[in-house]
Amino acid sequence: MAFVVTEPCIKCKYTDCVDVCPVACFHEGENMLVIDPEECIDCGVCVDECPVTAIFSEDEVPEKWNSFIELNKKYAAEWPMIEEGKEPLDTADEYKDKEGKTGEFSSAPGA
Ligand code: SF4
Ligand code: F3S
């Protein structure tokens with residue numbers, strides 16, 4: 001079991017989650033983060049830090065976002081690790097309440 005970043009993170013990337021994680025399990029894509037399920041110790045402290053409620057325990061991921069379980073696993077292996085928070089994306093305000101933005105997901109790694 002692990003925690004999973006889901007759709008609300010897309011085009012926001014607030015990164016408050018990174019600063020509280022006791023282990024290094026966040027990886028950065030161009031417009032969202034993912035959690036490495038192999039590294040996550042299931043502490044759950046990141047959940048309440050996310051201003052857009054993007055993070056769920058794997059067994060509580062809303063059904064509409066089930067594909068993010070595999071997506072986190074896949075891209076955690078491809079994207080660079082992020083260990084410190086940074087400024088949110090410029091698009092964060094515009095996208096923070098938007099649903100149905102999974103099509104905007106970018107598979108490019110973060111910089
Ligand atoms: Fe890190 Fe804990 Fe969140 Fe897992 S549940 S990503 S270990 S803060
Ligand atoms: Fe994304 Fe929320 Fe973290 S928007 S970067 S999961 S704080």
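Atoms within a ligand are numbered from 1 in the order they appear, just like the ligands themselves.
- For the side-chain hydrogen bond (donor to acceptor under 3.5 Å, both in side chains) condition, no pair includes a residue of residues 15-26, sequence neighbours left out.
- Between Thr6 atom OG1 and Ile55 atom CD1 the span is 8.5 Å, to the nearest 0.5 Å.
- With respect to Lys86 and Glu28, a salt bridge is recorded, a charged nitrogen being found less than 4.0 Å from a carboxylate O.
- A heavy-atom distance below 4.5 Å is found between the side chains of Lys101 and Cys12.
- Taking a cut-off of under 4.0 Å to the non-hydrogen atoms of Val52, the atoms of ligand 2 that pass are 4 (S).
- Each side-chain hydrogen bond (donor to acceptor under 3.5 Å, both in side chains) pair with one or both residues in residues 33-56, not counting sequence neighbours, would appear here, but there are none.
- Near Thr15, the atoms of ligand 2 lying under 4.0 angstrom from a non-hydrogen atom of the residue are 3 (Fe), 5 (S), 7 (S).
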Ignoring hydrogens and angles, write down the donor-acceptor pairs under 3.5 Å from the side chains of residues 104-111, residues two or more places apart or on other chains.
{"residue": "Glu104", "atom": "OE1", "partner": "Lys11", "partner atom": "NZ", "Å": "3.1"}
{"residue": "Ser106", "atom": "OG", "partner": "Glu30", "partner atom": "OE1", "Å": "2.5"}
{"residue": "Ser106", "atom": "OG", "partner": "Ala108", "partner atom": "N", "Å": "3.1"}

Q.
Evaluate Lys74 against Glu78 for salt bridge (Lys or Arg N to Asp or Glu O under 4.0 Å), listing each step before the verdict.
A. CA-CA 7 Å; Lys74 175 175 162 63; Glu78 296 182 17; 3.5 Å; yes
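- The Lys13 neighbourhood of ligand 2 comprises atoms 4 (S), 5 (S), with distances under 4.0 Å to a heavy atom of that residue.
- With a 6.0 Å radius and a threshold of 12 heavy atoms from other residues, nucleotides or ligands, Lys73 has its NZ atom at or below the threshold.
- Here is the list of ligand 2 atoms found below 4.0 Å of a heavy atom in Asp16: 7 (S).
- Which parts of ligand 2 touch Leu33 is read off a 4.0 Å heavy-atom cut-off, strictly below it: atoms 5 (S).
- Taking a 4.0 Å cut-off on heavy atoms, Glu49 fails to register as neighbouring ligand 2.
- Nearest protein heavy-atom neighbour of atom 3 (Fe) of ligand 2: Cys17 SG, 2.3 Å.
- Shown here are the protein N/O/S atoms lying under 2.8 Å from atom 1 (Fe) of ligand 1, water excluded: Cys21 SG.
- In this structure, the side chains of Phe68 and Glu7 come closer than 4.5 Å at one or more pairs of heavy atoms.
- Shown in contact with Gly44 at under 4.0 Å from a heavy atom are these atoms of ligand 1, numbered in order with element: 2 (Fe), 5 (S).
- Atoms of ligand 2 found under 4.0 Å from any heavy atom of Ile55, numbered from 1 in the order shown, are 6 (S).
- Between Phe26 and Cys46, the closest side-chain pair of non-hydrogen atoms falls below 4.5 Å.
- Distance from atom 2 (Fe) of ligand 2 to its nearest protein heavy atom, with residue and atom name: Cys50 SG, 2.3 Å.
- For the pair Asp59 and Met1, the tightest heavy-atom approach, listed with the atom from each and the gap, is N-SD, 3.8 Å.
- Of the protein's non-hydrogen atoms, the one nearest atom 1 (Fe) of ligand 2 is Cys9 SG, 2.3 Å.
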